Number of protein chains: 2
Amino acid sequence: MLDDKKVTAIMEAVDEGFDEQMEFTAHLVRFPSVRGQEQTAQDFMAKEMTTRGLSVDRWKINVEDIKDLPGFSPVDISYENALNVVGTHRATRQKGHSLILNGHIDVVPTGPLDKWTTPPFEPRTENGLMYGRGAGDMKSGLVSCLFALDALKRIGYGPASDVYVQSVIEEEPTGNGTLACLQRGYRADAALIPEPMEGTLMRAEMGIMWFQVQVHGDPQHASGGQGSGVNAIEKAFYLVQALKDLERDWNGLKGEHPEYISHPYPVRFNLGRIKGGDWTSSVPAWCHFDMRVGFYPGWDLADVRAKIETCIQKAAHEDDFIKSNIPTIVYNGHQSEGFVLKNADEVEGVLGKSHKAVFGERLGEFSIPGATDGHFFSLYANTPALVYGPKCISSHGFDEAVDIESVRKTTQTIALFIAHWCGLETV
Amino acid sequence: MLDDKKVTAIMEAVDEGFDEQMEFTAHLVRFPSVRGQEQTAQDFMAKEMTTRGLSVDRWKINVEDIKDLPGFSPVDISYENALNVVGTHRATRQKGHSLILNGHIDVVPTGPLDKWTTPPFEPRTENGLMYGRGAGDMKSGLVSCLFALDALKRIGYGPASDVYVQSVIEEEPTGNGTLACLQRGYRADAALIPEPMEGTLMRAEMGIMWFQVQVHGDPQHASGGQGSGVNAIEKAFYLVQALKDLERDWNGLKGEHPEYISHPYPVRFNLGRIKGGDWTSSVPAWCHFDMRVGFYPGWDLADVRAKIETCIQKAAHEDDFIKSNIPTIVYNGHQSEGFVLKNADEVEGVLGKSHKAVFGERLGEFSIPGATDGHFFSLYANTPALVYGPKCISSHGFDEAVDIESVRKTTQTIALFIAHWCGLETV
């Protein structure tokens, strides 16, 4: 047990390193670690972990190694530069509980640059916010893991059990980065993922599925008049509408899922991308659209796919052209099951105690309509995953930012959590 | 005047060369002369014109030379390999009427290859049809110009006036190829364009305008729930609908345009291309769609743009987000006015006479809902342009084909037309 004096010392030690922590965060934000380009940020993380005395394992994810594991999501990109980095602190004697600290280094695309007040990969601090793509989701969280450990060391301690800091890729599109850590054998008594949860604990996350619908058309000269040719883009609009009806139906089922009963609209179908047609004066022969759907924890992936396909087939059969030109559905990216955090009273208690020491109030909880890598630990490794981190503004949006004070406080909480959960040994 | 014997001799001379003509056509179809890649087909045409004793002028189109001319359409591609080819027959003495024979070598994209029965650039002949991208639109027509001249030569004649065979590019996206011929000074007493008109004379063509609407969104995390973020793709759908309403309104005006009064639906707005979003789990920040609109002859380009912009602005102001995030409209590609063939009785009479000699019936006429390069000659060079050629199936579609018998007959008509219009001299 930590006495009050030690609690205060740990919190002050975080404060002491906090300017450096935010400089480090800004440095990390400068790496444009969008999908397929995470490697330079990962090289930097590996170097920083080495500097801190962690034993570094940096490896290229091999699809062959993970493709048959539950939780794998198919990909259509190269993993040529797909590096994971794990830095391990090995305790002298393994007295306390072991811990995985997991955060993702990949960020989503910026969208049009002219919509950003300042460039997304040139972090800017203003009015207590640090702006930049990935500042909130979730480089500040990932960095806070290293600096929580730094704070303990600053006052002469290290965790009294093994701690694995995992800087993973592929969280945004698949989760295959965290899956690859599991495949490599990394296990602990609990995992903490400092995703931007605004200082609350994630109670549940939705399942997420990505799929592409490839719609066919009948290309003819654009001047063919009504009835000549079939416009694949317009047929895509029609199918999107059918899927939007399914979204509404699924939201209607929230009463069956206690974690989501009070959420206004937990199921979100996002029409995220579209591309169709080759020539302005030809009736488009093809249109592909990409959709992200959310679904409730406990729903089976095969069932979800069946529901989506039934929806599309039903709409197809009400259209004379589509019914004889059935769209192709391709599943690439997230095939992620949801989960509810359960049977984790002990570790939740430790986080709650740590949070209360910092924030002065009880740890709240929230069930998110999105997803994190948390489900991998819970569903496939029987490991409680606590998702808890700072406050992010405009995640995935223009002018994404993290609230700096929330970073400071959640870093203090994480440092205390490590001290309580792992125990401390003198270094 | 040609006597019956000479008419018969010319028609037979076409027949004599017809196998070679179709082989030549197949060879030309093999060049994948989509936009930006016409140069190899043009090199071949230049060589073939030289072989035939025509004086060849092959030049790279320079946007600077034409950009201020009426009829110019802006482009956003490189003209690095944008070659026009004109082969000139200079008569010993200029006795008859001079003539431009104009055809385009550029073809539209194929669309998905798996929808073609056989590959689009490997021509195939079956049941009287030659299949291949460009077989109908309009390599067979372009080739028929050369073989009509060949036929005359075969029986010892050449045109008794100057004839310019123009193999142009950029007909499908802009018309800048034909415009560049005018800029270079090519003029004649009439022009004939063997576009696939199924053996009828084109009486009128519509104006064509291409534009792109760049729609903005507010990207947020896809899981943000209802009311979080604004989906640019869905906003594009909304604007497309507004434009479709304008299409309907414009069709309602056909009564004011005698050439189109009996056409079921002369104005066609084609949603030809769409692209939007960067990430399946982000609300799309942007969506661009390309539309081709048709409008009546006599309508002014500036007025058409004003009507389109008013339509989009009206829809924008009925939407809370779009009204403060007004889409950008970019005009690239066709900015082509329509025209009605008028005051061309003499040359029409010559074509009609030639057609009747071959087909045994009166030359019909048709006002097309599309466009050709004909308007350049009519509007900007005071030259009557006759658009008349073979029968094409599935223009711009899969399994495009030309009816071989229609090629034979329209080539005979063109040979007779040259003989009548230009007169003949012995070679």
Side-chain angles (χ1 to χ4, degrees), chain A residues 108-112 115 137 172-173 206 208 210 216-227 229 231 233-234 236-237 240 263-266 268 270-287 289-292 294 333-334 368-371 394-398, chain B residues 108-112 115 137 172-173 206 208 210 216-227 229 231 233-234 236-237 240 263-266 268 270-287 289-292 294 333-334 368-371 394-398:
Chain A
V108 298
T110 61
K115 296 297 175 65
D137 184 8
E172 296 288 359
M206 296 288 277
I208 300 297
W210 283 13
H216 310 288
D218 178 17
Q220 297 292 340
H221 197 289
S223 72
Q226 272 186 320
N231 190 314
I233 303 173
E234 293 176 4
F237 289 9
V240 166
H263 192 289
Y265 207 74
R268 181 86 178 261
N270 185 59
L271 172 61
R273 295 200 297 177
I274 195 167
K275 196 172 178 194
D278 299 308
W279 194 251
T280 308
S281 279
S282 295
V283 177
W286 61 278
C287 183
F289 67 87
D290 290 85
M291 198 164 259
R292 170 265 192 212
H334 278 298
I368 66 168
S394 193
S395 167
H396 292 213
F398 303 128
Chain B
V108 298
T110 61
K115 297 296 176 65
D137 185 8
E172 296 289 359
M206 296 288 276
I208 300 296
W210 283 14
H216 310 289
D218 178 17
Q220 297 292 340
H221 196 291
S223 71
Q226 271 186 321
N231 190 314
I233 303 174
E234 293 177 4
F237 289 10
V240 165
H263 191 288
Y265 207 75
R268 181 85 179 261
N270 185 59
L271 172 60
R273 296 199 298 175
I274 194 167
K275 196 171 177 193
D278 297 308
W279 194 251
T280 308
S281 279
S282 297
V283 177
W286 62 277
C287 182
F289 69 86
D290 291 86
M291 199 165 258
R292 169 264 194 215
H334 278 297
I368 66 167
S394 193
S395 168
H396 292 212
F398 303 129

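These figures come from a predicted structure and were not determined experimentally. Numbered from 1 within each chain, the chains take letters A, B, ... in sequence-line order.
Qualifying ring pair (Phe, Tyr, Trp, His ring centres under 6.0 Å) partners for B/F237, counting only residues two or more places apart in sequence or in other chains: A/F237. Taking A/D290 as the reference, A/R273 meet the salt bridge (charged side-chain N to carboxylate O under 4.0 Å, His left out) condition, with sequence neighbours excluded.
Distance check: B/T280 OG1 to A/L271 CG gives 9.5 Å after rounding to the nearest 0.5 Å. The OG atom of A/S281 lies 10.5 Å from the CZ atom of B/R268; values are rounded to the nearest 0.5 Å. Between atom CZ of residue A/R292 and atom NE2 of residue B/H221 there is a gap of 6.5 Å, rounded to the nearest 0.5 Å. Summarising the geometry, atom CD1 belonging to B/I233 is positioned 10.0 Å from atom CZ belonging to A/F289; distances are rounded to the nearest 0.5 Å.
Interface residue A/W286: only side-chain heavy atoms are found under 4.5 Å from chain B. In this structure, the portions of B/P173 lying under 4.5 Å from any heavy atom of chain A include both its backbone and its side chain. For B/D278, the parts lying near chain A are the backbone and the side chain together; criterion is any non-hydrogen pair under 4.5 Å. For chain A, no part of B/M206 is nearby; none of its heavy atoms comes within less than 4.5 Å.
Note: A/E172 leads A/M291, A/H334, A/E172 in heavy-atom pairs under 4.5 Å with chain B. When B/G294, B/S395, B/G370 are compared by the number of non-hydrogen pairs under 4.5 Å with chain A, B/S395 comes out ahead. Of all the listed residues (A/A285, A/G276, A/A371), the one sharing the greatest number of non-hydrogen pairs under 4.5 Å with chain B is A/G276. Here A/S394 is the residue among A/P266, A/A236, A/S394 with the most heavy-atom pairs under 4.5 Å with chain B. In terms of heavy-atom pairs under 4.5 Å with chain B, the best-connected choice from A/S282, A/G397, A/P112 is A/S282.
The nearest pair of heavy atoms linking B/G217 to A/F398 is O-CE1, 3.9 Å. Shortest non-hydrogen contact noted between B/C287 and A/I274 is SG-CG2, 4.4 Å.
Using modelled atom types, no side-chain atom of A/N231 and backbone atom of B/N270 make a donor-acceptor pair closer than 3.5 Å.
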Please test B/Q220 against A/H396 for side chain to side chain contact (heavy atoms under 4.5 Å, CB included), starting from the C-alpha separation and ending with a verdict. CA-CA 5 Å; B/Q220 297 292 340; A/H396 292 213; 5.7 Å; no

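Atom NZ of A/K115 has more than 12 neighbouring heavy atoms from other residues, nucleotides or ligands inside a 6.0 Å radius.
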